[in-house]
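Reviewing the structure listed below.
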Protein chains: 2
Amino acid sequence: MITLTEENYIKEIYHLGSNGSTSVNTNAIAVAMNTKASSVTDMVKKLSEKKYADYKKYQGVTLTDLGRHVAVNIIRKHRLWEVFLVEKLNFSWDEVHEVAEHLEHIKSEKLINQLDAFLEFPKHDPHGDPIPDKEGKFQHIEKIILAQAEVGSKYKCVGVDDSSSSFLKYLDSNKIALGTNITILHKEPYDNSLKIEIEDCEIVVSQNVAKNLYLKKI
Amino acid sequence: MITLTEENYIKEIYHLGSNGSTSVNTNAIAVAMNTKASSVTDMVKKLSEKKYADYKKYQGVTLTDLGRHVAVNIIRKHRLWEVFLVEKLNFSWDEVHEVAEHLEHIKSEKLINQLDAFLEFPKHDPHGDPIPDKEGKFQHIEKIILAQAEVGSKYKCVGVDDSSSSFLKYLDSNKIALGTNITILHKEPYDNSLKIEIEDCEIVVSQNVAKNLYLKKI
DNA sequence: ATATATTTTTAGACTAGTCTAAAAATTATT
DNA sequence: AATAATTTTTAGACTAGTCTAAAAATATAT
């Protein structure tokens with residue numbers, strides 16, 4: 001049996017290691033999970049014993065195929081629950097993460113597959129992140145960050161890189177949501193801030209914001 | 001903070017003690033929870049320290065108002081999730097308990113109140129058990145057990161006392177569900193079995209069955 | 001290439017929850 | 001009322017996960 005804590009470590013190693021493809025440092029995990037390096041070392045040994053990860057002392061940790069499979073399944077559950085919360089229970093996109101952190105650990109294949117069907121097999125969560133299907137396949141969409149958008153072109157907002165509550169609330173207050181159309185009006189060379197048009201409003205956003213918003217050309 | 005284990009003990013003490021009204025023995029809890037008496041003693045001390053229960057050595061344990069409040073809230077969540085699983089995700093009534101045992105521990109007031117609204121404030125779960133409202137108020141329906149029904153009278157099935165998978169599957173195979181009409185045709189004095197009519201079918205049920213089915217006169 | 005700084009691991013301790021086995025209290029029986 | 005049977009509690013040990021502090025390994029800087 002896999003424990004809740006093991007699941008959380010696996011998920012974090014997956015995210016920190018570019019979707020489970022690269023090796024992750026002990027300290028990076030400790031910082032991300034708000035624990036200490038010594039706790040991470042212990043857990044990483046355990047994950048290695050249980051074949052969820054490959055680990056050599058002082059060399060960082062990488063997920064095995066099994067570990068990646070577990071991670072993808074947790075992510076599938078997390079994102080499907082997020083869709084449920086927004087679509088059916090009227091949560092806003094900045095409220096869903098916390099609750100989904102708990103719902104993602106409920107273990108029932110039938111539950112998650114029926115939920116998937118009930119939601120009509122959504123391909124993306126409320127932050128634009130792709131939802132893997134039953135087989136763990138992701139359907140990625142081509143997207144760029146706002147910071148890389150061309151002046152004069154028109155885009156559609158398709159996701160966020162930072163899904164912190166504060167960033168999402170900032171977007172809300174500026175009427176930016178998934179699906180919102182954005183035209184790039186001007187790029188300020190001094191600080192890389194951007195003047196953009198959103199539904200007939202002109203606003204200026206910082207480089208920081210521009211690095212955290214995903215767009216698709218339309 | 002209350003732990004998952006504490007919640008499970010509180011819930012069990014509530015059920016074993018006639019909805020939190022009477023004292024419960026250490027052994028009864030141990031049997032119900034599949035643990036040992038010594039583990040129960042430890043936990044009961046802890047619940048007492050945390051003001052969820054009153055406990056005196058060798059005298060059994062009773063929930064406090066606070067403990068009852070916690071129990072009712074868990075039951076509310078359990079039963080609402082059961083309705084969700086049956087109504088929205090096409091689970092059958094014998095599959096929901098196990099999953100609801102986990103969902104009931106998710107801690108989010110908004111989640112459960114929105115779920116309640118989404119389900120249109122159901123008053124009973126798929127087994128006919130009452131669902132407490134936000135304030136913890138139950139809406140009981142007058143009901144009798146089949147064993148106490150009068151020969152010749154007509155009833156509607158409104159609940160089960162045993163919600164084990166095997167009993168529910170037995171009911172399925174005999175076309176008995178919540179809302180099914182039942183007429184009592186004959187009571188066999190020898191073994192208290194009953195001949196009943198269900199939707200133009202006559203079947204005989206044992207006393208065991210008759211003690212676990214709730215009816216309402218129509 | 002040697003010293004310094006950083007990262008990682010080990011060692012040992014703590015908490016929550018569990019167990020077994022033995023002791024203590026309560027209840028039932030004669 | 002004394003003994004036997006049952007129930008409950010205590011004592012001590014175990015696991016999972018965490019921590020601090022010290023030791024060991026790796027990486028960086030001169």
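Hydrogens, waters and symmetry mates play no part in the numbers below; they use all other heavy atoms, side chains included. Chain identifiers are assigned alphabetically (A, B, ...) following the order of the sequence lines, protein sequences preceding nucleic acid strands; residue numbering begins at 1 within each chain.
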Could you tell me how far apart B:M43 (CE) and C:dT18 (C1') are, to the nearest whole angstrom? 10 Å
Expected string for nucleotides 9-15 of chain D under the B/S/- scheme (protein heavy atoms, under 4.0 Å, primed atoms plus P, OP1, OP2 as sugar-phosphate) is BB-----
Partners of A:K110 by salt bridge (Lys or Arg N to Asp or Glu O under 4.0 Å), sequence neighbours excluded? B:E95
Residue list, side chain to side chain donor-acceptor pair (under 3.5 Å) with B:E12, at least two apart or on another chain: none
Please tabulate, for side-chain N and O atoms in residues 33-40 of chain B, each donor-acceptor pair with protein atoms closer than 3.5 Å (sequence neighbours left out).
none

Pairs involving residues 163-174 of chain B, ordered by first then second residue, that meet salt bridge (charged side-chain N to carboxylate O under 4.0 Å, His left out) (sequence neighbours left out): B:D94-B:K169
Could you give all pairs that pass the ring-ring contact (aromatic ring centres under 6.0 Å, His included) test and reach residues 49-80 of chain B, with sequence neighbours left out? B:H78-B:H97
So, does B:K36 get its side chain near the phosphate of C:dT18, meaning an N or O under 4.0 Å from OP1 or OP2? no
To the nearest Å, how far apart are B:L4 CG and D:dA16 P? 18 Å
Short of 4.0 Å, heavy atom to strand atom, which residues of residues 5-18 of chain B count as contacting DNA chain C? B:T5, B:Y9
Which residue pairs pass the salt bridge (charged side-chain N to carboxylate O under 4.0 Å, His left out) test when at least one of the two sits in residues 123-141 of chain B, sequence neighbours left out? B:R79-B:D125
Side chain to side chain donor-acceptor pair (under 3.5 Å) filter on A:T41, not counting sequence neighbours, yields none
Report the C-alpha distance between B:R68 and B:N73 in whole Å, list the side-chain angles of each, state the deciding distance to 0.1 Å, and finish with yes or no for side-chain hydrogen bond (donor to acceptor under 3.5 Å, both in side chains). CA-CA 8 Å; B:R68 265 188 298 278; B:N73 196 243; over 6 Å; no
Is the phosphate of C:dT7 approached by A:N25 (side-chain N or O, under 4.0 Å from OP1 or OP2)? no
